Amino acid sequence: MDGNASGEDYENIDWDTEDELEIENITPSSCSNGVAHNVQAIVSNGAAVVSNGEASSSAGSSNSKLVQHFLGMGFSEEMIAKAIKENGEANTESILESLLTYGALASEESPDERNSCHLNSPQQQQFVDNDQLSSDYDESLLADLSDSDDSWSGSEIAETSNSLPKHEKAILSLANMGYTVEEASAAIDRCGPEASIAELTDFICAAQMAKTEDVFFEEEKPKISFNGSLKKRKLYELEMRKRKKRNPEDEEMIRLPNPMIGFGTPTHGNVITHRKLPDAAKAPPYFYYENVALAPKGVWDTISRFLHDVEPEFVDSKYFCAAARKRGYIHNLPITNRFPLLPLPPRTISDALPLTKRWWPEWDKRTKLNCLQTVIGSAKLTDRIRKALEKCGDNPPEHVQKYVMDECRKWNLVWVGKNKLAPLEPDEVEMLLGFPRNHTRGGGISRTDRYKSLGNSFQVDTVAYHLSVLKDIFPNGINMLSLFSGIGGAEVALHRLGIRLKNVVSVEISEANRDIVKSWWEQTNQKGNLIHFSDVTQVDGHLLQRLMFSFGGFDLIVGGSPCNNLAGSNRVSRDGLEGEQSSLFFDYFRIMDLVKDIMNNKKE
DNA sequence: ACTATAATGACGGGCTTA
DNA sequence: TAAGCCCGTCATTATAGT
């Protein structure tokens, strides 16, 4: 994947021009009402803010890359600037060390210093009065606000008793969210008794991160590679185990369900109809996070802990279509009255690919395909298999059958002729994943890249089933923040559900993928606005604030962060959540937290 | 002929379930 | 205990484009 957040290619990213160009491409087709006009201005400004930020941290682009890197880890800009000044730009390790030291020192410093080490807490971000805005815009803003307010007023509200003193109540809620009492009270000590739960969780997360890094540095001081190593993961797991020992019943490892049907599927029905969300997860907006289910041990525990301790819903898409796809979803959506996309997709290979039936030998017992991945079997492979089969006539001996079946399962081969196996065609993958035919075709994308983009995508029917509950909640449509959009699985799902897409802010590193979504957007005659950005690490509070200000906040944040370093088929760099690409999960967390903060401040 | 892009093939292992 | 599964990476080779 060209998605690579820590490479040298940052220098090549030209925010202003690229984004303005993309906006310009969109605006003419969809700006009949002035809203788009506003958005254009806002996005341009947003980009300008980003570059201003880079400029203000002085000393050019490599510096800003550095700053962004640490911002991404959750340190405040002031601290980063300070650390860079002390250590110089060259030595990232010593900068990080300084940053962590500041964190440690802060606890003994004066109260004023306390807030400076908060993770990502936006400084007094508020919504300004919108006198200067056009009436069009005003209307849409109000409509949106009432949308989201309505939707949340009905949800179950806190059951914490009012008799408790404030700080004990806070400890209680934090404990409910899965933090230890020590962590909670330390956070309250540091942030003060008046601190909001969000502030407190921010602090705890920062502390946890720092702690993990600390262990790493203590034992590995000499040469550290920044892009997480296996050792780093091992140490992280060690830390997990230590924590578990300290508090055995508190830190239950997440286990995968069998059958993997989450809270239910269209065919299994809703097995679970009620769940209790942690308080912190009840606040708007709705969020939906996705990643591979079979991640290294401890990864889902960490992801869950960062996402307000919401339990993952593990679902295998083989219950929705003809191909397996084991994924975990963490979301705060209601789970009653879900409904599937119609028509229901074929759920066996022979129904999905009828032409294969004729050639399917009786000794191939498969009815479902395995997970659709990013690479396919080669022509040479299927040629070898054909020759092997031809040699032994109509009834291949056991060992040949086993050889063939092993390859079939490994490469998801299907029968297309006598003794002839073939990998799936890209349009067959599109169909299995629930995308319109030719969704990824043309526009300059190579076959190889089509497979890659598709292999990295959502299964649309599965995601749509989960998101279907939004249809009643937002009859007028939604504003969505789509992180790691890929080829637009969430967008397609919502569209097929008949949920209008008002404003979609989409962040996707691959230009080919952005083109795919853009072209889908045009072809489906979307009336809303599609706003593209390329790099999640560059999405900051200012940008979000401007965007949200323009259309009244997000109703939904969707994202599946990179699985490269989690996926089982990665033999080279399965480094866990700290891996080069997979660590972008922390940007999902960071951005979600920023959005929540902005939306909550707005209400007060 | 040279360059850029696309396709190919070699590369295990951690973890779960039966 | 054994079988089966997995949103992958990288260097090399083939092909397309000029």
Side-chain angles (χ1 to χ4, degrees), chain A residues 1-4 7 227 230 233-234 237 253-260 289-301 314-318 321 323-329 365-366 368-385 402-403 405-412 423-424 426 429-430 432-435 440 444-460 462-463 484-490 508-513 559-576 579-582 584-585:
Chain A
M1 161 103 57
D2 37 358
N4 182 343
N227 303 328
L230 275 173
R233 201 186 105 216
K234 292 273 155 55
E237 281 166 9
M253 278 283 189
I254 289 173
R255 291 184 61 86
L256 298 175
N258 185 22
M260 198 182 276
Y289 173 81
E290 178 261 8
N291 216 320
V292 291
L294 286 80
K297 268 187 178 164
V299 165
W300 274 106
D301 301 84
F314 291 106
V315 183
D316 188 337
S317 292
K318 76 178 180 186
C321 69
R325 206 168 188 77
K326 298 177 184 63
R327 295 293 179 269
Y329 306 88
K365 306 290 185 198
R366 290 176 300 158
K368 304 269 187 191
L369 292 160
N370 281 336
C371 184
L372 307 170
Q373 304 199 74
T374 55
V375 286
I376 59 156
S378 65
K380 290 264 167 32
L381 171 68
T382 54
D383 192 50
R384 279 199 300 273
I385 296 177
K402 175 158 169 40
Y403 160 68
M405 286 314 302
D406 283 351
E407 298 297 332
C408 281
R409 278 194 279 257
K410 189 194 298 184
W411 293 106
N412 262 333
L424 296 168
V429 181
E430 282 169 349
L432 288 162
L433 290 176
F435 287 93
T440 59
I445 190 171
S446 75
R447 200 179 151 83
T448 313
D449 283 345
R450 278 182 84 185
Y451 284 117
K452 185 181 284 191
S453 292
L454 285 161
N456 280 311
S457 172
F458 287 166
Q459 205 288 325
V460 170
T462 311
V463 171
F484 314 100
S485 307
I487 58 174
E508 168 57 40
I509 194 86
S510 148
E511 187 182 3
N513 285 347
S561 64
C563 67
N564 305 32
N565 312 114
L566 310 178
S569 24
N570 187 342
R571 305 166 179 200
V572 181
S573 52
R574 197 182 186 188
D575 300 339
E580 186 175 357
Q581 287 85 23
S582 294
L584 289 171
F585 158 74

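Naming: A, B, ... by sequence-line order, numbering from 1 per chain. Just so you know, these numbers come straight off a predicted model, no measurement behind them.
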Novice: Nucleotide by nucleotide, 5' to 3', does protein get under 4.0 Å of the base (B), only the sugar-phosphate (S), or neither (-) in nucleotides 4-11 of chain B, counting heavy atoms?
Specialist: --SSSS-B

Novice: Look up atom CZ in A/F484 and atom CD in A/E508, then write down how far apart they are to the nearest 0.5 Å.
Specialist: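 So the CZ of A/F484 and the CD of A/E508 are separated by 9.0 Å.
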
Novice: Please check: side-chain N/O of A/W411 versus main-chain N/O of A/V375, any donor-acceptor pairing under 3.5 Å?
Specialist: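 A pair under 3.5 Å: no.
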
Novice: Summarise how protein sits on nucleotides 1-7 of chain C as a single string, 5' to 3': B when a protein heavy atom is under 4.0 Å from the base, S for sugar-phosphate-only contact, - for no contact.
Specialist: ---SSBB

Novice: Please tell me whether A/T440 and A/Y451 have a donor and an acceptor in their side chains that are separated by less than 3.5 angstrom.
Specialist: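 A/Y451 and A/T440 do not have a side-chain donor-acceptor pair below 3.5 Å.
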
Novice: Is A/R255 touching bases, backbone alone, or none of the nucleic acid, heavy atoms closer than 4.0 Å?
Specialist: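 Result for A/R255 = sugar-phosphate.
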
Novice: Distance-only, no hydrogens or angles: does the A/Q459 side chain make a donor-acceptor pair with backbone N or O of A/L432 under 3.5 Å?
Specialist: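 Between the backbone of A/L432 and the side chain of A/Q459 there is a qualifying donor-acceptor contact (under 3.5 Å).
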
Novice: Does the side chain of A/L424 reach to within under 4.5 Å of the side chain of A/I376, using non-hydrogen atoms?
Specialist: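 No; the side chains remain at least 4.5 Å from each other.
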
Novice: Are any of the side-chain heavy atoms of A/R574 and A/N565 separated by less than 4.5 Å?
Specialist: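 No, side chains not in contact.
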
Novice: Just the rounded figure in Å: distance from P of C/dT9 to CG of A/N570.
Specialist: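 The answer, rounded to whole Å, is 5 Å.
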
Novice: Only one of A/N412, A/L372, A/L369 passes side chain to side chain contact (heavy atoms under 4.5 Å, CB included) with A/V429; say which it is.
Specialist: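 Only one of A/N412, A/L372, A/L369 forms a side chain to side chain contact (heavy atoms under 4.5 Å, CB included) with A/V429, namely A/L372.
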
Novice: What are the two closest heavy atoms between A/I445 and A/R450, and how far apart are they?
Specialist: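 Scanning both residues completely, I find the closest heavy atoms to be CG2-CG, 3.7 Å.
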
Novice: Tell me: NZ of A/K452 to P of C/dT9, nearest whole Å?
Specialist: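 Computing the A/K452:NZ to C/dT9:P distance gives 7 Å.
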
Novice: Starting at NZ of A/K297 and ending at C1' of B/dG13, how long is that distance when rounded to a whole Å?
Specialist: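 About 14 Å, once rounded to whole Å.
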
Novice: How about A/S569 and A/Q373: does a side-chain donor come under 3.5 Å of a side-chain acceptor?
Specialist: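 Present: a donor and an acceptor within the cut-off.
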
Novice: For the residue pair A/R325 and A/T462, establish whether any side-chain heavy-atom pair is separated by less than 4.5 Å.
Specialist: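 With C-beta onward as the side chain, the pair stays apart.
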
Novice: With rounding to the closest Å, how many angstrom separate the C1' atoms on B/dG12 and C/dA3?
Specialist: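 It comes out at 16 Å once rounded to the nearest Å.
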
Novice: Looking only at atom types and distance, does a side-chain atom of A/S582 sit under 3.5 Å from a main-chain N or O of A/P562, one as donor and one as acceptor?
Specialist: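 Confirmed, A/S582 side chain pairs with A/P562 backbone.
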
Novice: Dot-bracket for DNA chain B, 5' to 3', with Watson-Crick and G-U pairs under 3.5 Å, [ ] for crossing pairs and | for other-strand pairs: what is it?
Specialist: |||||||||||.||||||

